[in-house]
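All values below come from the heavy atoms of this structure, side chains included, with hydrogens, waters and symmetry mates left out. If you read the sequence from its start, that first residue is 1, and numbering goes on from there.
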Amino acid sequence: MIATMRPPIVFSFCAAAACSLLLRHVVTFMIVFHTTTRTRPSMGCQHFDGISTFPSGAVGPSSTVLRSRSQSPMIALLLSFPNSGTSFTLRLIRETSSTTTATNYAKETREAKLENYSGTIPSIYDGCSNCPLLHDSELAMPTEYVLVKTHCEGYTGQMKNGSSLVYNQSAFLEGCLTPYSFAAHRGRDGRIKQTRECPYAPTLVKKVVHIMRDPMDNIVSRFHLWKKNYDIQQRLLAFNSTNDEEYSTIDDAFPRSKQGFKDWCRVKDQELMASKESEILLDFSDVPCMSEYYLYTQWHNNAFHTTSNGISTHFFYYEQYETAFNETASDLINFLHTDRKYQATPFVSGKNYDEYYTEKEMIAIWHLIEHFASEATWTKLQRYYSTADDENDDAARIVAGTSKIK
């Protein structure tokens, strides 16, 4: 790990007046967006103070919450930092097995996509109001393990008690197990609204699947997803209408390009200044999107910690879908004890964004990641960042690290 820290450096953002105005305006609506998308769970919920790992040899769920089936599946939790192959992995299981997967997020279910739907969304266990929800209730249930999507906590820089970069391990585990149900009413835009429920018991989880993606590509993909977000676009347009802002769309303000990514990073780092612990990154102000890379590193630190007590875990790299698709898919299917009946939609390769970074920026990013990474996280990241013979030869280390999974 890097032990030395550089003296604090003052943050530097684009000096142009238009850029300054853009940063101030976009930071404003980003903070509003973050603080209005989640509600606190009921005060009657059981919280996880002091509990930060899944128990090994966890018992199956109580028969009182099982679905009315001869065999009810146990939960295999899919831990994934956003934009690291989550959707493709879930779709792969549904397509190859013709069985449903599940999610902690009601807005992603089949029912949520139906126009004017106002009923309840089926959960994986009948009678359980705070259990994971079925992605597609028209598909059969798997007989042994149902793969459940969760992003846990700590990927937005916002905790439920206020703005924060630092997520303790208990809060992370609680986030992994917290479902968001279908709210009673849709928003004025007609979209699904979610209500945060009490977390379900860690003992319901019998297996864990953990995916990791190259951090350079993962953060650029986060930028692409952010651009697609309907709520943010509407907030920008509404803000422009009352503030004479020159940008009419997200694409105008942040084009899908290297420059658009860098402008987005400046906004994210400006937003960082409002967090409680921003000083922990003052020595890394030369890192574009320093808050994003910190969150990525911390998220994987916590994910590895939650599985450190011996729960059955299947870890793989996103890039293995491209380099060894059949083997990667078979390993996952076998881990979940499902039958491979059909072929999956082919994986779309080529989502590599090294051109978005200079060599100097990549070196700075790896310094930040190495500084904050746990031993488990750093060990897994060696597939992307290989240590050269000369540990002080940063350029050589970066060249070695930018080659993808072989």
Side-chain angles (χ1 to χ4, degrees), residues 2 5-6 8-14 19-20 22-35 37-38 80-84 151-168 171-172 175 212-227 229 232 253-254 258 260-303 353 356-358 360-374 377 381:
I2 296 175
M5 301 284 284
R6 296 186 298 280
I9 303 174
V10 177
F11 290 94
S12 61
F13 304 104
C14 54
C19 184
S20 176
L22 170 65
L23 292 175
R24 185 171 66 256
H25 289 179
V26 177
V27 166
T28 299
F29 74 73
M30 284 177 72
I31 293 175
V32 171
F33 171 75
H34 281 314
T35 56
T37 53
R38 294 184 178 184
S80 60
F81 192 74
N83 297 93
S84 59
H151 291 314
C152 304
E153 291 278 12
Y155 56 92
T156 65
Q158 296 284 52
M159 289 190 74
K160 57 180 178 288
N161 291 326
S163 178
S164 179
L165 273 176
V166 178
Y167 287 70
N168 67 60
F172 182 84
M212 177 178 276
R213 185 179 184 184
D214 184 318
M216 307 294 173
D217 297 338
N218 205 158
I219 302 309
V220 174
S221 290
R222 294 254 285 171
F223 162 58
H224 292 162
L225 179 66
W226 181 85
K227 279 170 54 65
N229 189 288
I232 288 181
F254 302 96
K258 179 178 180 178
F261 174 66
K262 289 184 180 297
D263 289 341
W264 178 74
C265 285
R266 292 186 184 100
V267 168
K268 297 296 290 185
D269 291 339
Q270 179 80 356
E271 184 188 22
L272 163 70
M273 299 301 291
S275 71
K276 297 176 181 177
E277 302 89 2
S278 60
E279 68 276 3
I280 67 175
L281 293 177
L282 286 176
D283 293 307
F284 298 96
S285 58
D286 56 340
V287 175
C289 280
M290 55 186 164
S291 58
E292 287 289 299
Y293 285 102
Y294 173 80
L295 291 172
Y296 169 96
T297 306
Q298 178 184 233
W299 191 96
H300 282 290
N301 289 348
N302 284 332
Y353 305 105
Y356 278 55
Y357 307 91
T358 66
K360 181 179 179 181
E361 287 171 339
M362 295 181 79
I363 292 171
I365 290 167
W366 280 115
H367 279 165
L368 183 153
I369 292 174
E370 187 178 14
H371 180 83
F372 290 107
S374 66
T377 299
L381 284 170

Does the ring center of [X] lie less than 6.0 Å from the ring center of [Y]?
| X | Y | result |
| --- | --- | --- |
| Tyr296 | Phe372 | no |
| Tyr293 | His367 | no |
| Phe172 | Trp299 | yes |
| Phe254 | Trp264 | no |
| Phe81 | Tyr155 | no |
| His224 | Phe261 | no |

Donor-acceptor side-chain pairing of Ser80 and Arg213 below 3.5 angstrom: no
Test item: side-chain donor near acceptor, Asn301 and Thr377, under 3.5 Å: yes
Verdict with reasoning, Thr358 to Lys258, per side chain to side chain contact (heavy atoms under 4.5 Å, CB included): CA-CA 10 Å; Thr358 66; Lys258 179 178 180 178; 4.2 Å; yes
Exercise: identify the closest heavy-atom pair between Val287 and Ala364: CG2-O, 3.3 Å
Minimum heavy-atom distance Glu153-Gly175, with the two atoms named: CG-CA, 3.3 Å
Check against side chain to side chain contact (heavy atoms under 4.5 Å, CB included), Met216 and Tyr353: CA-CA 7 Å; Met216 307 294 173; Tyr353 305 105; over 6 Å; no
Verdict with supporting geometry, Ile280 and Tyr294, side chain to side chain contact (heavy atoms under 4.5 Å, CB included): CA-CA 10 Å; Ile280 67 175; Tyr294 173 80; 3.6 Å; yes
Salt bridge (charged side-chain N to carboxylate O under 4.0 Å, His left out) assessment of Asp269 paired with Arg266: CA-CA 5 Å; Asp269 291 339; Arg266 292 186 184 100; over 6 Å; no
